[in-house]
2 protein chains.
Amino acid sequence: MANSRGQSRNTKQLELIWRAVKDDSSHPTADQIYDRVRKKLSHISLGTVYRNLQKLVSDDKLQVLMLGRAQHFDPLVERHQHFICESCDRVFDVMVDRQREIKPAKLPHEGFKVTSHQLAFYGVCKHCSA
Amino acid sequence: MANSRGQSRNTKQLELIWRAVKDDSSHPTADQIYDRVRKKLSHISLGTVYRNLQKLVSDDKLQVLMLGRAQHFDPLVERHQHFICESCDRVFDVMVDRQREIKPAKLPHEGFKVTSHQLAFYGVCKHCSA
DNA sequence: TTATTTGCAAATTGTTTGCAACGGT
DNA sequence: ACCGTTGCAAACAATTTGCAAATAA
């Protein structure tokens, strides 16, 4: 319970999970993270990984990206977009320059309040098109 | 096998499923469609619904939208975007005018070939903000 | 001490598949 | 008759949950 009532504790599990994702821009899934963390703490459970990832998300340290049917975690919380390679499924961060940004406030119909928008690009990455 | 080798057959099930979605812009999920079709053909199975929806998608009669962890089906196949209400989870079609469209070809880094892009708006719909 | 977090296993959700029977063509 | 399609149930994948034991504060 990091964000409601009650104290949050600094557990070894939370710490290891955070270290495993904080500098990773490859957008890993929960069980990719599980595999990594398990190398340091073999008895950790997948449920614990999920619970701690949720906590990091609600503490705004991670963003979730839904791709296909799995959630991917992204430590880059600043505003950015993604490029998804349709050949290898890798996900790349894309910084869209402010000038090109869409003005979502004006787009939908009357009475709809837009608070955010998301843009994703699909194609073939440098690595796969070689 | 509608799109590979072999003939496709016109079954009662396929016909009913198509009728249940073709004029529907509410972006129903597979089991919402299942519920509807079951009223006409009570012994139809969910697997059949999934298989026929897949067929309609590969015949380009439907588009799939992944929202959360469920697929939603959209008979509007022309290029358009979506507005997702964060309060009621309803999905609305948004036609973005061509001039405002982003030019994806120029956005990502060198060596990346962009073939398509998708834009989704999040916010509160007219109905919920009332 | 004591409330939060863990590990484990079982439950859930959404989707796919194997297979014998069914039914278009 | 042939072969695609169906219904059913079981398999699957990703995620969540219940609960008793473990542990941070």
Side-chain angles (χ1 to χ4, degrees), chain A residues 1-21 27-59 61-74 89 91, chain B residues 1-21 27-59 61-74 89 91:
Chain A
M1 258 148 224
N3 261 347
S4 53
R5 198 55 38 85
Q7 292 321 296
S8 171
R9 292 176 183 179
N10 292 332
T11 67
K12 181 190 301 192
Q13 288 84 345
L14 176 59
E15 183 61 23
L16 280 169
I17 289 165
W18 173 235
R19 282 193 199 153
V21 287
H27 307 77
T29 60
D31 54 73
Q32 289 173 323
I33 296 162
Y34 174 53
D35 284 343
R36 292 180 200 171
V37 170
R38 209 162 22 157
K39 285 170 187 155
K40 302 275 181 179
L41 196 65
S42 56
H43 56 82
I44 198 173
S45 78
L46 184 55
T48 297
V49 171
Y50 272 103
R51 281 180 292 222
N52 281 305
L53 287 171
Q54 276 169 199
K55 174 179 300 186
L56 291 168
V57 169
S58 68
D59 288 350
K61 297 183 147 194
L62 292 179
Q63 252 190 301
V64 195
L65 240 195
M66 274 306 272
L67 293 172
R69 44 187 61 79
Q71 30 190 63
H72 292 243
F73 297 87
D74 189 344
D89 287 324
V91 183
Chain B
M1 257 149 224
N3 261 348
S4 53
R5 200 53 38 85
Q7 291 322 296
S8 172
R9 292 176 183 177
N10 292 333
T11 66
K12 182 189 301 191
Q13 288 83 346
L14 176 58
E15 183 60 24
L16 280 169
I17 289 165
W18 173 236
R19 281 194 200 153
V21 287
H27 307 76
T29 59
D31 53 72
Q32 289 172 325
I33 296 163
Y34 174 53
D35 285 341
R36 292 179 201 172
V37 170
R38 207 160 26 154
K39 284 170 188 156
K40 302 274 181 180
L41 196 65
S42 56
H43 56 83
I44 198 174
S45 77
L46 184 55
T48 297
V49 172
Y50 272 103
R51 282 180 292 222
N52 280 304
L53 288 171
Q54 276 170 197
K55 174 179 299 186
L56 292 167
V57 169
S58 67
D59 287 350
K61 296 183 147 193
L62 292 180
Q63 250 189 301
V64 196
L65 238 195
M66 274 305 271
L67 293 172
R69 45 189 60 79
Q71 28 190 64
H72 292 243
F73 297 89
D74 189 344
D89 288 324
V91 183

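Just so it is clear, the structure is predicted and the values come from calculations on it, not from any experiment. Chain A is the first sequence line, chain B the second, and so forth, proteins listed ahead of strands; every chain is numbered from 1. Worth knowing before you read on, the calculation uses all heavy atoms, side chains too, and leaves out hydrogens, waters and symmetry mates.
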Which parts of residues 31-42 of chain A get close to DNA chain D, meaning a heavy atom less than 4.0 angstrom away?
none
Do [X] and [Y] have side-chain heavy atoms sitting under 4.5 Å apart?
| X | Y | value |
| --- | --- | --- |
| A:Lys55 | A:Leu53 | no |
| A:Val37 | A:Thr48 | no |
| B:Asp35 | B:Arg38 | yes |

Would you classify B:Ile44 as touching base, sugar-phosphate or nothing, given that sugar-phosphate means primed atoms plus P, OP1 and OP2, and contacts are heavy atoms under 4.0 Å?
sugar-phosphate
By nearest nucleotide on DNA chain C, pick out whichever of B:Ala30 and A:Thr11 is the more 5' one.
A:Thr11
Does any residue of residues 47-54 of chain A have a heavy atom under 4.0 Å from DNA chain C, and if so, which ones, in number order?
A:Thr48, A:Arg51, A:Asn52
Side chain of A:Ser45 (C-beta onward), nearest among C:dG14, C:dC8, D:dG7
C:dC8
Atom [atom1] of [X] and atom [atom2] of [N]: how far apart are they, to the nearest Å?
| X | N | atom1 | atom2 | result |
| --- | --- | --- | --- | --- |
| A:Leu67 | D:dA13 | CG | P | 19 Å |
| A:Gln71 | D:dA13 | CD | C1' | 13 Å |
| A:Asn10 | D:dA25 | CG | C1' | 10 Å |
| B:Leu46 | C:dT13 | CG | C1' | 11 Å |
| B:Glu15 | D:dG4 | CD | C1' | 17 Å |
| A:Met66 | C:dT15 | CE | P | 10 Å |
| A:His43 | C:dT5 | NE2 | P | 17 Å |

Please check the phosphate of [N] (OP1 and OP2 only) for any side-chain N or O of [X] closer than 4.0 Å.
| X | N | result |
| --- | --- | --- |
| B:Lys55 | D:dT5 | yes |
| A:Gln7 | C:dT2 | no |
| A:Ser8 | C:dT5 | yes |

Shortest non-hydrogen contact from [X] to [Y]?
| X | Y | answer |
| --- | --- | --- |
| B:Tyr34 | B:Ile44 | CE1-O, 3.5 Å |
| A:Arg36 | A:Ala20 | NH1-O, 2.9 Å |
| B:Gly68 | A:Met66 | O-CE, 2.9 Å |
| B:Ala30 | B:Leu46 | O-CD1, 4.4 Å |
| B:Trp18 | B:Leu62 | CZ3-CD2, 4.0 Å |

Distance-only donor-acceptor test, A:Arg9 side-chain atoms vs D:dT23 base atoms, 3.5 Å
yes
Determine whether A:Asp31 and A:Val49 satisfy the following criterion, side chain to side chain contact (heavy atoms under 4.5 Å, CB included), listing intermediate values before the conclusion.
CA-CA 8 Å; A:Asp31 54 73; A:Val49 171; over 6 Å; no
Both B:Arg69 and B:Leu14 contact DNA chain D. Taking the nearest nucleotide for each, which residue is further toward the 5' end?
B:Leu14
Check against side chain to side chain contact (heavy atoms under 4.5 Å, CB included), A:Arg69 and B:Gln71
CA-CA 9 Å; A:Arg69 44 187 61 79; B:Gln71 28 190 64; 3.8 Å; yes
